[in-house]
Amino acid sequence: MKIIAVGWNYAEHNKELNRINIPEHPVIFMKPETALVRDNKPFYLPNFSNRIEYETEIILRISKMGKNISAKFADRYYDAIGLGIDFTARDLQNEFKAKGAPWEICKGFDNSAPISAFLPKEEFDINNLNFSLNINGEEVQQGNTKDMIFKVNDIIAYISQFFTLKTGDIIFTGTPVGVGPVKIGDHLEGYIEHNKMIDFSVC
Ligand code: MG
């Protein structure tokens, strides 16, 4: 399976990273399967970065193989949603950005993608979904999918021009404003609407 992620998909978040231009197309990157962490296992801070930041994101589970999917049929290709953290080594990312170099190491390192269990998509309006993250009991990030620059169906259509989507693939759909660093001892709890989706600690 593969993990495909969208960057810069919420305008207010782009401003906090000093990126003011609205992207013409979704900005896509990937994480390897070894990035996944499930079942609320702890996240171990890696020693190669001094600034690991959380990015809370709605994730999709692909349920059918597809290539060149049209946006109007894209909702047939995923069956469930969940919550994921796109952990990012921000210090390394800033170095790579300055050099115009690729992002893989800062985005795709081992355990950089903790994910929740999945919920059936039928129970939710994917284009009006509140989600949030608490750290140590304080809300640090809150978003709604209605603020996405590229909506879920457009993301699926765009990605599938380049990459055949396969059953079990996961798409991270981008993070809203409010990203920030984590440190050892932090306790992360993430929600979709009022459903607690993730609950794990940083070690
Ligand atoms: Mg992200």
Side-chain angles (χ1 to χ4, degrees), residues 1-11 13-14 17 19 22-38 43 52-90 92-93 96-97 101-121 124 126-127 129 131 133 143 145 147-176 179 190 192 197-198:
M1 60 81 63
K2 56 189 175 294
I3 303 164
I4 305 168
V6 183
W8 311 341
N9 203 25
Y10 288 81
H13 166 62
N14 296 350
L17 294 188
R19 179 162 298 283
I22 291 178
E24 198 178 330
H25 301 290
V27 174
I28 303 298
F29 60 94
M30 294 218 233
K31 291 175 183 256
E33 193 171 356
T34 44
L36 278 184
V37 184
R38 297 178 194 265
F43 172 73
I52 299 289
E53 293 193 352
Y54 59 82
E55 297 187 0
T56 314
E57 311 198 3
I58 294 294
I59 60 174
L60 314 172
R61 183 176 69 189
I62 297 297
S63 55
K64 189 163 128 179
M65 187 184 283
K67 169 92 182 153
N68 292 322
I69 299 163
S70 73
K72 76 177 168 190
F73 298 127
D75 64 343
R76 299 179 185 177
Y77 288 83
Y78 69 100
D79 66 347
I81 65 163
L83 199 69
I85 305 292
D86 168 20
F87 275 124
T88 303
R90 195 72 72 198
L92 299 184
Q93 188 188 35
F96 297 149
K97 275 184 182 169
W103 287 2
E104 267 80 359
I105 289 172
C106 65
K107 285 287 196 181
F109 60 87
D110 285 351
N111 306 319
S112 60
I115 61 167
S116 71
F118 286 91
L119 301 172
K121 71 172 183 194
F124 302 94
I126 190 66
N127 292 314
L129 201 54
F131 60 105
L133 180 71
T145 53
D147 298 320
M148 285 182 175
I149 296 170
F150 298 100
K151 305 297 182 195
V152 160
N153 286 354
D154 297 321
I155 291 168
I156 291 172
Y158 184 76
I159 290 172
S160 73
Q161 293 178 53
F162 307 98
F163 304 111
T164 299
L165 293 175
K166 295 177 78 173
T167 301
D169 288 349
I170 293 170
I171 298 177
F172 276 66
T173 59
T175 199
V179 302
I192 295 178
M197 302 297 293
I198 55 173

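Please read these numbers as outputs of a predicted model, since none were measured by experiment.
Ion pairing of Lys31 with Asp86 is present here, as a side-chain N (NZ or NE/NH1/NH2) and a carboxylate O approach within less than 4.0 Å. Salt bridge Lys121/Asp79: absent, no basic N to carboxylate O contact under 4.0 Å.
Side-chain contact between Ile3 and Asp169 is absent, with no heavy atoms from C-beta onward closer than 4.5 Å. Under the 4.5 Å side-chain criterion, counting only non-hydrogen atoms from C-beta, Ile59 is not in contact with Ile171. Using a 4.5 Å heavy-atom threshold, the side chains of Leu129 and Ile192 count as touching.
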The test is side-chain contact (heavy atoms from CB on, under 4.5 Å); show your working for Ile69 and Asn153 and say whether it passes. CA-CA 9 Å; Ile69 299 163; Asn153 286 354; over 6 Å; no
Show the numbers, then the answer: is there a side-chain contact (heavy atoms from CB on, under 4.5 Å) between Ile170 and Ile62? CA-CA 6 Å; Ile170 293 170; Ile62 297 297; over 6 Å; no
Evaluate the side chain to side chain donor-acceptor pair (under 3.5 Å) criterion for residues Thr164 and Lys67: first the C-alpha distance (whole Å), next the side-chain angles of each, then the deciding distance (0.1 Å), finally the verdict. CA-CA 5 Å; Thr164 299; Lys67 169 92 182 153; 4.5 Å; no
Residues Phe43, Phe87; criterion ring pair (Phe, Tyr, Trp, His ring centres under 6.0 Å); working and verdict: CA-CA 10 Å; Phe43 172 73; Phe87 275 124; 3.9 Å; yes
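Between Phe162 and Tyr158, a ring centre-to-centre spacing shorter than 6.0 Å is recorded. Ring centers of Phe29 and Trp103: under 6.0 Å apart, within the cut-off.
Annotation: Ile149, atom CD1; neighbour count of heavy atoms from other residues, nucleotides and ligands within 6.0 Å is above 12. Heavy-atom neighbours of Met1 CE from other residues, nucleotides or ligands within 6.0 Å: above the threshold of 12.
The cationic group of Arg61 does not satisfy the cation-pi geometry with Tyr78, failing either the under 6.0 Å distance to the six-membered ring centre or the 45° limit from the ring axis.
When atom types are taken as modelled, the side chain of Ser116 and the backbone of Leu83 share a donor-acceptor pair closer than 3.5 angstrom.
Interatomic distance, Glu53 CD to Ile85 CD1, rounded to the nearest 0.5 Å: 12.5 Å.
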